[in-house]
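Worksheet: the structure to be examined is printed underneath.
Residue numbers start from 1 in every chain, and the chains themselves are labelled A, B, ... in the order their sequence lines are given, proteins ahead of strands.
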Amino acid sequence: MQLPVKIVFLQTLHRNPSHLPCYTPLFQFITSESGGGGRIGIGTGNSDASLLRQTRQLHCQLLLRGFDAKLIPSFLLSRIIAAYSSLQDLNSATLLFSSIKISVADTIVFNALIRGHARFGSPETTLQLFRAMHVNNIHPDHFTFPFILKSCISLQSLDLGRSVHSLCLILGLHRDLYVGTSVMDMYVKLGEIRSGQYLFDSISMKDVSSWNVLIAGYLSIGSCERASDLFDKMTVRNVVSWTAMISGLAQNGMADRAISLFHAMEEQGVRPNWITIVSVLPACGQIASLEHGKKIHRHATSLTLDGIPAVQIALLSMYGRCGSLIDARRCFDRVTSEEGMDRRDLVVCYNTMIAAYGWNGRGVDVESCFEEMIGRGLEPDAVTFVSLLSGLTHSGLVEQGYRYFKRMRSFYHVEPSMEHYSCVVDLLGRCGRLEEAKAIIDGMPMEAGASVWGALLGGCSSERNLAIGEIAAERLFEMEAYNSGNYVLLSNMYAEVGRFERVEELRRKLRENEILKNPGCSWMEVKGKCYLFTSCSPSPFVCESTLEKMLKKMKEAGYVADTRLCLHDVSEEEKEHSVIRHSEKLALAFGIMKCESRDKLRVTKNLRICVDCHNFSKLISQVYDREIVIRDVNRFHHFSQGSCSCHDYW
DNA sequence: TTAGGGTTAG
């Protein structure tokens with residue numbers, strides 16, 4: 001409804017305040033204006049708080065004129081309940097509902113309350129209301145079932161979902177477009193993609209949402225090619241179809257495809273909404289594409305989507321993952337300084353900022369940000385502690401981290417989970433406290449998973465503790481036989497001590513089990529273009545003579561290749577030849593050639609940076625007087641004037 | 001009334 005229409009109604013109401021039909025469109029207007037938690041930002045200047053005030057005023061007017069709930073016709077009653085529900089005031093909605101006799105409540109009144117509980121309340125209460133309908137012989141309709149099916153999804157109950165589907169069939173409601181789509185969605189989200197596909201193939205009433213449900217389903221199980229096929233076959237696509245594909249690709253690690261699709265969507269003239277923006281930003285963070293991230297930020301600003309908390313948090317995370325802490329902090333300050341912010345949003349915002357400091361090796365800021373959060377009276381959650389512990393680990397703040405871990409349950413009321421055990425094993429393991437780390441694993445209240453043993457193996461690898469490393473590796477080979485990373489870590493440890501017969505044995509195991517090693521690669525963005533470097537083949541972007549020239553200059557400055565990690569028992573010369581062609585070194589050579597001297601060289605690598613590349617990068621930052629930022633699979637290294645932000649602890 | 005969404009380890 002447009003604003004002038006509202007004014008016309010208000011004028012009518014002013015002249016004849018007892019004329020009930022005038023109230024209905026007003027409550028409807030309020031419902032349509034509500035932002036579902038203030039996130040949509042329609043832009044007419046009505047905040048949810050002011051809409052709730054208006055709802056209460058209008059409701060009070062009705063009561064003052066003698067219209068209590070029993071005298072209000074059910075259609076208007078359902079509109080008032082809907083208005084309260086959409087503004088998340090479920091108490092008022094429920095109170096109003098309970099002030100009428102349940103036997104006179106009809107389907108539309110129930111539907112209004114069910115909708116509110118399904119969106120903002122609990123699935124249990126939603127289903128209780130559904131049962132109450134049944135007990136009172138009030139028939140559910142095509143408006144009821146989508147919310148009931150949504151509740152089955154929330155409860156992760158396939159059995160319940162199947163029963164509700166049966167009821168739809170009995171009532172003949174399965175042919176309804178909305179009910180049909182919701183049934184499909186229920187099967188797809190509860191792991192029955194084949195049933196979803198079967199329904200999709202068999203139903204005649206299909207619209208863009210039916211396609212979107214199936215596409216999202218395939219993406220959720222990692223079947224990007226089937227999802228792409230469906231997407232390509234669609235004759236009509238809407239913003240949800242595009243967003244589903246973008247987010248699915250990003251979540252399946254196909255960040256570059258996700259970003260390309262976002263641009264393709266824009267070219268087709270489809271306007272992104274805030275969900276599209278928060279779906280594409282993680283893709284920029286994944287590949288550390290600061291240029292794309294900034295471009296999308298500008299775009300979000302031009303669409304006035306940047307004020308939405310979820311967008312700000314996604315931006316903050318993206319900047320953190322792109323190594324731009326100044327921009328990250330700017331987003332953080334904007335969200336946290338706003339009045340009346342939702343506490344949940346604030347917690348997520350702090351979690352993200354803590355993580356961003358952690359990735360960038362700013363341990364002191366990790367701790368102060370956490371303490372600031374506590375000082376504001378916010379309750380940390382499980383994610384906070386993962387960010388906090390790993391953030392302190394990256395900076396070697398072991399005592400602080402260990403103290404927080406020990407106080408998690410007693411002081412902060414957060415139960416340590418597997419993730420937290422992985423973090424604390426990593427924390428202790430990295431600084432050589434491997435016996436303690438192993439003791440923690442032995443005392444865990446749950447069976448240690450691969451993440452925990454992986455953290456221990458990582459610690460053993462840095463500390464060169466083969467005895468415990470072998471124990472961890474054995475467990476990992478049982479648990480995740482096809483993860484090549486574990487074989488590589490153990491191989492490296494054997495190679496370092498010259499036990500090449502064990503290296504060869506592991507290599508044979510990899511071959512026999514057809515396990516593919518994850519080849520190392522690095523990439524770099526220069527003037528909007530992304531360049532990929534691999535160590536296995538000659539680079540099309542860096543010629544041999546450039547590389548030799550750089551190596552000569554570096555050797556003059558004191559560089560000596562650290563070849564301890566070479567897995568082959570070959571000559572030192574051959575080892576040096578291999579080490580100098582590591583992908584991040586090729587990227588750096590390219591960056592020095594192509595980038596302006598004032599520009600930071602930003603390299604991203606898919607694996608952990610090796611000791612030699614770390615030493616080399618430190619020296620190159622000094623010899624060539626360049627600021628270098630390398631993001632490896634775990635964290636950032638900011639190199640400047642011969643030293644690294646990680647202080648050689650990573 | 002249905003479909004897409006922000007934070008977390010190695």
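Results of the side chain to side chain contact (heavy atoms under 4.5 Å, CB included) test with A:V278 over A:I308, A:N273, A:V311 single out A:V311 as the only residue that passes. Paired with A:F385 under the rule ring-ring contact (aromatic ring centres under 6.0 Å, His included), one option of A:F370, A:Y404, A:F405 passes, and it is A:F370.
Heavy atoms of A:H420 sit nowhere under 4.0 angstrom from any nucleic acid atom. Among the protein residues, A:S247 comes within range of the sugar-phosphate backbone only, with heavy atoms under 4.0 Å from sugar or phosphate atoms but none that close to a base.
Using a 4.0 Å cut-off, some side-chain N or O of A:K189 falls inside it from OP1 or OP2 of B:dG4. Taking side-chain N and O atoms only, A:R321 has no distance below 4.0 Å to OP1 or OP2 of B:dT7. Phosphate proximity of B:dT1 to A:K150: absent, as no side-chain N or O sits under 4.0 Å from OP1 or OP2. Between A:H142 and the phosphate of B:dT2, there is no side-chain N or O to OP1/OP2 separation shorter than 4.0 Å.
When the C1' atom of B:dT1 is taken as reference, atom CE of A:M133 falls 13 Å away, rounded to whole Å. B:dG6 atom P lies 10 Å from atom CD1 of A:I275, rounded to whole Å. The separation between A:M184 atom CE and B:dT1 atom P is 21 Å, rounded to whole Å. When the P atom of B:dT1 is taken as reference, atom CG of A:D185 falls 17 Å away, rounded to whole Å.
Side chain A:S451 to base B:dA9: a donor-acceptor pair is found below 3.5 Å. Below the 3.5 angstrom threshold, one finds a donor paired with an acceptor across the side chain of A:S209 and the base of B:dA3. A donor-acceptor contact under 3.5 Å links the side chain of A:N238 to the base of B:dA3.
You'll find that the side chain of A:D345 is closest to B:dG6, out of B:dA9, B:dG4, B:dG6. Taking the side chain of A:V240 as heavy atoms from C-beta on, and the options B:dG4, B:dG6, B:dT8, the nearest nucleotide is B:dG4. When distances are taken from the side chain of A:V386 to each of B:dA3, B:dT8, B:dG4, the shortest belongs to B:dT8. Here B:dT1 is the nucleotide among B:dG6, B:dT1, B:dA3 with the atom lying nearest to any side-chain atom of A:F143. Picking from B:dT8, B:dG4, B:dG10 the nucleotide with the shortest atom distance to the side chain of A:A244 gives B:dG4. Minimum atom distance to the side chain of A:I313 is reached by B:dG6, of the listed B:dG6, B:dT2, B:dA9. You'll find that the side chain of A:W359 is closest to B:dA9, out of B:dA9, B:dT1, B:dG6.
Here the closest heavy-atom approach between residue A:Y649 and residue A:T393 is recorded as CE2-O, 3.2 Å.
Side-chain N/O atoms of A:R79 and A:Y84 include no donor and acceptor closer than 3.5 Å.
Within 6.0 Å of CZ in A:R175 there are 12 or fewer heavy atoms belonging to other residues, nucleotides or ligands.
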